[in-house]
*Asks:* 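I have a structure here, written as structure tokens, and I will follow up with some questions on it.
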Amino acid sequence: MPLMELRGLTHIYSQGTPFEKAAVDHIDLTICQGQTVGLLGHTGSGKSTLIQHMNALLKPTEGAVLLDGQDIYASKEAMRAARFRVGLVFQYPEYQLFEENVFDDIAFGPKNQKLPPEEIDRRVREAAAFVGLGEDTFSQSPLEISGGQKRRAAIAGVLAMEPELLVLDEPTAGLDPAGRADLLERLLAWKKARNATILLVTHDMDIAAGCCERLLVMDGGRIVMDGGPAEIFSQGDRLQAMGLDLPGAARIAMLLRRKGAALPEDIYTTDRLREAILTLRGKEGRPC
């Protein structure tokens, strides 16, 4: 079932000047409810401009953005509704914390939704639990908690609005491997619990391979590739020509194939690579 549709979406910066640039160029895209979609592309490919149209932060130069079939720019009321239904988490969201304490920061969105106090309280506690933020931080200033806690508090503030589509722009940037894995696991658990939809903007190919069922690749303001991880990562040369890399497992598999190993084409996660190597060793009679 289509949740978000982009029809001929175009955004031109500095239109009518010598610096005119089409950051997003006639994009047609449908995102269905319940999907986990990865958005890939080198810096300057148009990813950030694209996602800012999804909750009416930017207005298209041309084209339409539909949410459940309704144009989100049709009226001020439609734009306001879209900003609650589509939650956007910017890169380094912790820099957007501004309330006196953590509880009020997480509650900011639900308060703007004009929800009753008991519903706001429920949402704040539930969102904090999903991101692994303890209630002992609620009374603290956002300036007093750790960097990882700030990231979780900022994301919890978006989750508390209970968006149908959660757009995350490099949510794990700057986190250590354990922090990245924990945060992603929690976000996917939130998605499953709410049957929500996630669009994940990332430069990390291992995250894209491990978390997303569908990948979109942007280049020059357009979506140039759209498919499952196996389909996208099987085109390594094309990705590298656009300044992108392959997941670590896929790179290792490529080296092994050059040495004659008969490995499947759909290896793009560490677990899948390990499984294939163990099977290969077993067939060749070598100990695993």
Side-chain angles (χ1 to χ4, degrees), residues 29 31-32 34-48 50-51 89 91-92 148 151 155 166-192 197-220 222-283 288:
L29 173 66
I31 296 175
C32 294
Q35 285 188 321
T36 304
V37 182
L39 180 60
L40 313 176
H42 60 83
T43 300
S45 61
K47 303 187 302 299
S48 294
L50 176 67
I51 63 174
V89 179
Q91 191 173 2
Y92 299 111
R151 177 76 55 93
I155 294 174
L166 178 63
V167 183
L168 300 149
D169 189 358
E170 300 284 359
T172 61
L175 298 180
D176 60 34
R180 285 199 299 271
D182 181 68
L183 182 57
L184 288 169
E185 183 177 343
R186 290 178 179 278
L187 288 170
L188 292 175
W190 173 86
K191 171 192 175 292
K192 183 177 180 180
T197 306
I198 286 181
L199 177 65
L200 177 64
V201 181
T202 182
H203 283 94
D204 191 317
M205 296 299 156
D206 291 290
I207 288 176
C211 296
C212 302
E213 64 197 80
R214 177 187 178 192
L215 298 177
L216 309 170
V217 181
M218 288 194 71
D219 187 43
R222 298 190 175 195
I223 293 176
V224 295
M225 299 173 73
D226 181 355
E231 178 185 352
I232 299 301
F233 291 132
S234 67
Q235 303 177 64
D237 291 342
R238 187 178 177 191
L239 290 171
Q240 290 173 339
M242 290 186 282
L244 300 176
D245 207 345
L246 293 172
R251 292 199 305 272
I252 293 171
M254 185 183 296
L255 293 174
L256 290 173
R257 288 196 195 99
R258 288 173 181 169
K259 294 184 178 181
L263 296 172
E265 290 298 324
D266 65 344
I267 290 179
Y268 48 86
T269 67
T270 302
D271 289 343
R272 185 76 180 90
L273 176 63
R274 184 183 298 113
E275 174 188 321
I277 290 176
L278 291 176
T279 300
L280 181 64
R281 285 180 175 176
K283 286 180 179 178
C288 297

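Any value given below was found using the heavy atoms of this structure, including those in side chains, with hydrogens, waters and symmetry copies removed. Every value quoted in this text rests on a predicted model; they were computed, and no experiment measured them.
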*Asks:* With distance as the sole test, does Arg151 use its side chain to make a donor-acceptor pair with the main-chain N or O of Pro171 at under 3.5 Å?
*Replies:* yes

*Asks:* Hey, what do you get for OG1 (Thr172) to CG (Leu187), rounding to the nearest 0.5 Å?
*Replies:* 9.5 Å

*Asks:* Could you tell me the separation between the CG atom of Leu29 and the CD1 atom of Ile223, rounded to the nearest 0.5 Å?
*Replies:* 4.5 Å

*Asks:* Under 3.5 Å, is there a donor-acceptor pair between the side chain of Glu213 and the main chain of Thr36?
*Replies:* yes

*Asks:* How long is the straight-line distance from NZ of Lys47 back to NE2 of His42, given to the nearest 0.5 Å?
*Replies:* 8.0 Å

*Asks:* On a heavy-atom basis, which atom in Arg214 and which in Ile31 lie closest, and how many Å separate them?
*Replies:* NH1-CA, 4.0 Å

*Asks:* Just jot down the salt bridge (charged side-chain N to carboxylate O under 4.0 Å, His left out) partners of Arg180, sequence neighbours excluded, or say none.
*Replies:* none

*Asks:* Count the heavy atoms belonging to other residues, nucleotides or ligands that lie under 6.0 Å from CD of Gln235, then report whether that count exceeds 12.
*Replies:* yes

*Asks:* Is the CG atom of Asp176 crowded by more than 12 outside heavy atoms at less than 6.0 Å?
*Replies:* yes

*Asks:* What's the spacing between Leu50 CG and Leu199 CG if we round to 0.5 Å?
*Replies:* 7.5 Å

*Asks:* In Å, rounded to the nearest 0.5 Å, how long is the span from CD1 of Ile51 to CG of Asp169?
*Replies:* 4.0 Å

*Asks:* Any donor-acceptor pair under 3.5 Å linking the side chain of Thr197 with the backbone of Gly34?
*Replies:* yes

*Asks:* Going from CD1 on Ile267 to CD1 on Ile252, what distance comes out if it is rounded to the nearest 0.5 angstrom?
*Replies:* 10.0 Å

*Asks:* Is there side-chain contact between Val217 and Arg238, with at least one heavy-atom pair below 4.5 Å?
*Replies:* no

*Asks:* Please set out all donor-acceptor pairs under 3.5 angstrom arising from side-chain atoms of residues 240-247, sequence neighbours excluded.
*Replies:*
none

*Asks:* Tell me the closest heavy-atom pair linking Cys211 and Leu188, and the distance in Å.
*Replies:* SG-CD1, 4.0 Å

*Asks:* Identify all side-chain donor-acceptor contacts of residues 200-209 below 3.5 Å with residues at least two apart in sequence or on another chain.
*Replies:*
residue: Thr202; atom: OG1; partner: Asp204; partner atom: N; Å: 2.9
residue: His203; atom: ND1; partner: Glu170; partner atom: OE2; Å: 2.4
residue: His203; atom: NE2; partner: Gly41; partner atom: O; Å: 3.4
residue: Asp204; atom: OD1; partner: Asp206; partner atom: N; Å: 3.0
residue: Asp204; atom: OD1; partner: Ile207; partner atom: N; Å: 3.1
residue: Asp206; atom: OD1; partner: Gly248; partner atom: N; Å: 3.0

*Asks:* Applying side chain to side chain contact (heavy atoms under 4.5 Å, CB included) to Ile155 and Leu183, what does each step give before you reach the verdict?
*Replies:* CA-CA 10 Å; Ile155 294 174; Leu183 182 57; 3.8 Å; yes

*Asks:* Any side-chain heavy atom of Leu215 sitting closer than 4.5 Å to one from Met225?
*Replies:* no

